[in-house]
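What follows is a short report on a single structure.
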Amino acid sequence: MANVIDDDLYQRTKALLEPGDIELNGAIVHTDYDGREDVKMMQATIDVGDVIAEAAGRDPRDCYVYSGNDDPDFSSNQHQGLMLDGEEFVWECQQLLREGSFDVVFYYEASADQEGILEGIRELGFEATGVEGD
């Protein structure tokens, strides 16, 4: 567990990666965006989603963001990256306003290039903490 910026959020994210239908890894993206910068936050979400799609071997142009506005099981700051040719899962995230700025927790298939994802997020200018499932 190297370079963990927020241990509580790391532990909560790790718990959500418990074995299920697919093996998952995650990334916690730390931003300086406050609650008034929701447009920047959404663009950051899309940009990180593109990094994840590429690291998972998918073309980001073939993905779309589903925000679940018509789904009562989604929260207001929960989004999914899905493939255009179906509803194949690429990534999911939750945008969390914590201590005055947004952190975004992403989940994706463990087969994606974890180090490539973290490097890509950092190249976007954000701090990132990787979280690997068991």
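One is the number of the first residue; the rest follow in order along the sequence.
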Might you confirm whether atom CG of D32 has over 12 heavy atoms from other residues, nucleotides or ligands at distances under 6.0 Å? no

Same cluster (ILVMFWY, side-chain, under 4.5 Å), [X] and [Y]:
X    : Y    : value
V29  : I46  : yes
F126 : V105 : no
I121 : L96  : no
I52  : Y64  : no
V104 : Y33  : yes

Straight-line distance of [X] [atom1] to [Y] [atom2], nearest 0.5 Å:
X    : Y   : atom1 : atom2 : answer
H30  : R98 : NE2   : CZ    : 9.0 Å
L82  : E88 : CG    : CD    : 9.0 Å
F102 : E37 : CZ    : CD    : 9.0 Å

Which atom of [X] lies closest to which atom of [Y], heavy atoms considered:
X    : Y    : result
V131 : Q114 : N-NE2, 3.6 Å
M41  : T31  : CE-CG2, 4.1 Å
T45  : C93  : CG2-SG, 3.6 Å
H79  : S67  : ND1-OG, 2.8 Å
G35  : L97  : N-CD1, 3.9 Å
I117 : A112 : CD1-CB, 3.8 Å

Could you walk me through whether V39 and Q43 pass side chain to side chain contact (heavy atoms under 4.5 Å, CB included), step by step? CA-CA 6 Å; V39 174; Q43 186 60 55; 5.8 Å; no

Tell me whether [X] contacts the main-chain N or O of [Y] through its side chain, where contact means a donor paired with an acceptor under 3.5 Å.
X    : Y    : value
D34  : S101 : no
E54  : V51  : no
T129 : I28  : no

Under the side chain to side chain contact (heavy atoms under 4.5 Å, CB included) criterion, do V90 and Y108 qualify, and how do the steps go? CA-CA 6 Å; V90 179; Y108 40 85; over 6 Å; no

Could you tell me if Y66 and E92 have a donor-acceptor pair between their side chains, going purely by distance under 3.5 Å? no

Once ring pair (Phe, Tyr, Trp, His ring centres under 6.0 Å) is applied, do any residues pair with F106, and if so which ones, sequence neighbours excluded? W91

